Amino acid sequence: MPSTTKTALIQYSMTVGFSAMEGRGFYYPSDTAIGKDGRFYVVNRSLETVDRGVRVTMCDIDSEYYGTFGSYGEEDGQFVWASGAATDSQGRVYVTDEYLHRVSVFDSEGKFLWKWGTSGSGTGEMDGPSGITIDGDDNVYVSDTHNNRIQKFASDGEHLHTFGSEHLDLPWGLTVAPSGDVYVADWGNDRIHRFSPSGEPLATYGGSGRGDGQLQRPASVAVDANGYVYVADWGNERVQVFDPDGGFVIKARGEATLSKWAENFLKINGEEADARSRANLEPVIDFDPDDPHEESSHIEKLFWSPMSVKLDFSGKLYVTESNRHRIQVFQTAG
């Protein structure tokens, strides 16, 4: 069994990101893919009524900025409702689009390579694909959200397998664990499902609620080498960690500090810096205890719409927050 010292499992490290509709920054990000070289590919979904801001931002944990790719539209290399992202062993970047019902593939610098996907419920067709993950053989798993299933493809889009339709209701984020098992954030059922590589159901974690170990619309899931499960508990504005048997271990609400990009902005914009220095960033408010969204929307350091959790090879956990246009980074014991 893994060590019980895992209870001190996640420690806040830093924040990456800054709100920007164009160029260096994020705008309502929905997911982050981490390349083998450490480069981040941050999917900026924007707002469904706003064309500006839709793109993928390339940066790294040191806030080095490498540019963007993609834009709003329906042509090759464009997105309408960009959702999830993953990278393969060759450094290629795969991005799902819920509106266009397709997966687009780019090289590591953002050059469009190919795409696949058509709207429908037949084999290989998709209806609102969201989460995406890639296994060690470069097979691609996609949450076919409105068809309530997971589809497995080869990297060129050839359909390989479908599973989960009897268990899932609006599946969202998913991951292939180091063990090879597939974990799915079951948005509609407030659960995490664990499947074998062949799609056999193995376990279910969570259940509806706001208590420890309960979930409200989980958006994403990550699993470390010891089998610990990290969940973006979107509806509860938090991240929760479960042990390999599904037992609750720890939760986090967020501890964000200023990112390097934000610090640079404030150095240049003195009036903004002065206003911030006078602001109460942790107000005492009379909020509904059954609505963590209200608290998160008023207190800057807290998660506000945590959409994605990802782990890198060094055990860092990256939590992508949509409504605050940033990534909070934690060090895990994994």
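Please read all numbers here as calculations on a predicted model, not as lab measurements. Starting from 1, each residue takes its place in the sequence as its number.
Evaluation of the ring pair (Phe, Tyr, Trp, His ring centres under 6.0 Å) test over residues 244-264, restricted to residues two or more places apart or in two chains, returns Phe26-Trp261. Listed by first then second residue, pairs satisfying ring pair (Phe, Tyr, Trp, His ring centres under 6.0 Å) with a partner in residues 132-156 read Trp116-Phe153, Phe153-His159, not counting sequence neighbours. Residue pairs meeting the salt bridge (Lys or Arg N to Asp or Glu O under 4.0 Å) criterion with at least one member in residues 121-147, sequence neighbours excluded, are Asp144-Arg149.
Of all non-hydrogen atoms in Trp172 and Pro218, the two that sit nearest each other are CB-O, 4.4 Å. Between Val309 and Val319, the closest heavy-atom pair is CG1-CG2, 4.1 Å.
For Met58, the side chain to side chain contact (heavy atoms under 4.5 Å, CB included) partners are Arg39, Tyr41, Tyr66, Phe69, not counting sequence neighbours. In this structure, the side chain to side chain contact (heavy atoms under 4.5 Å, CB included) partners of Glu158, at least two apart in sequence or on a different chain, are Ala154, Asp156, Leu160. Not counting sequence neighbours, the partners of Lys111 by the side chain to side chain contact (heavy atoms under 4.5 Å, CB included) test are Asp107.
Under 3.5 Å, the side chains of Asp224 and Tyr230 contain a donor-acceptor pair of N or O atoms. A donor-acceptor contact closer than 3.5 angstrom is absent between the side chains of Thr68 and Tyr65. In this structure, a donor-acceptor pair under 3.5 Å is present between the side chains of Thr32 and Thr320.
Aromatic ring centroids of Phe18 and Phe265 lie under 6.0 Å apart.
At a threshold of 4.0 Å, the pair Glu98-Arg45 counts as salt-bridged, since one of the basic side-chain nitrogens sits closer than that to a carboxylate oxygen. Taking the charged nitrogens against the carboxylate oxygens, Lys301 and Glu255 have no contact shorter than 4.0 Å, which rules out a salt bridge.
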Taking it one step at a time, do Met126 and Val142 satisfy side chain to side chain contact (heavy atoms under 4.5 Å, CB included)? CA-CA 9 Å; Met126 294 181 282; Val142 177; 4.0 Å; yes
